[in-house]
Amino acid sequence: MRKALKLFKIIQTVSNENRHKNGLKRLGRGYFEAHRINPYNPLSYILIPITLIVGIFCFGFIGFWKEADLRNPFKWN
């Protein structure tokens, strides 16, 4: 699934090692790669409601909020 999202440019991935070698600051939490949902891709705004619906269907309302990552998906994490 992640490969398909990267293929359609919905999820962006940046290597922090290459940024550090080029003298740029690390993005996100400083891990090897930083990921985010592409804010300029219209499919990103379709993916978020679908994820909410499927998550509530699978886990229920209370279980979904326990499993959900509530950080901003458009910032590098």
When hydrophobic residues are tied together by side-chain contacts of less than 4.5 Å, even through go-betweens, does I62 share a cluster with F59?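 They do not share one cluster, since no chain of ILVMFWY contacts under 4.5 Å joins I62 to F59.
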Mind checking whether L52 and F61 sit in one hydrophobic cluster, side chains of I, L, V, M, F, W, Y counted as touching below 4.5 Å?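 Linked within one cluster.
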Side chains of N16 and E33 in contact at under 4.5 Å (non-hydrogen atoms): no
Nearest-0.5 Å distance that lies between atom SG in C58 and atom CD in E67: 10.5 Å
Can you name the ring pair (Phe, Tyr, Trp, His ring centres under 6.0 Å) partners of Y31, sequence neighbours left out?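 Residues passing ring pair (Phe, Tyr, Trp, His ring centres under 6.0 Å) with Y31: none at all.
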Can you list, pair by pair, the side-chain donor-acceptor contacts under 3.5 Å of residues 22-29, counting residues two or more places apart and other chains?
unit_1, atom_1, unit_2, atom_2, d
N22, ND2, N18, O, 3.2
R26, NH1, E17, OE2, 3.3

What closest approach, in Å, do F74 and I48 show between heavy atoms, and which atom pair accounts for it?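 It is CZ-CD1, 3.7 Å.
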With a cut-off of 3.5 Å and sequence neighbours excluded, list every side-chain donor-acceptor pair involving residues 2-12.
unit_1, atom_1, unit_2, atom_2, d
Q12, OE1, R36, NE, 2.6
Q12, OE1, R36, NH2, 2.9

Which residues pass the side-chain contact (heavy atoms from CB on, under 4.5 Å) test with [X], sequence neighbours left out?
| X | value |
| --- | --- |
| L70 | W65, A68 |
| D69 | R71 |
| I50 | I46, V54 |

With sequence neighbours excluded, what pairs up with T13 under the side-chain hydrogen bond (donor to acceptor under 3.5 Å, both in side chains) test? H35
Report yes or no: does Y45 contribute a side-chain atom to a donor-acceptor pair with the main-chain N or O of P39 at less than 3.5 Å? yes
Indicate yes or no for a side-chain donor-acceptor contact from S44 to the backbone of N38 under 3.5 Å, with no hydrogens or angles considered. yes
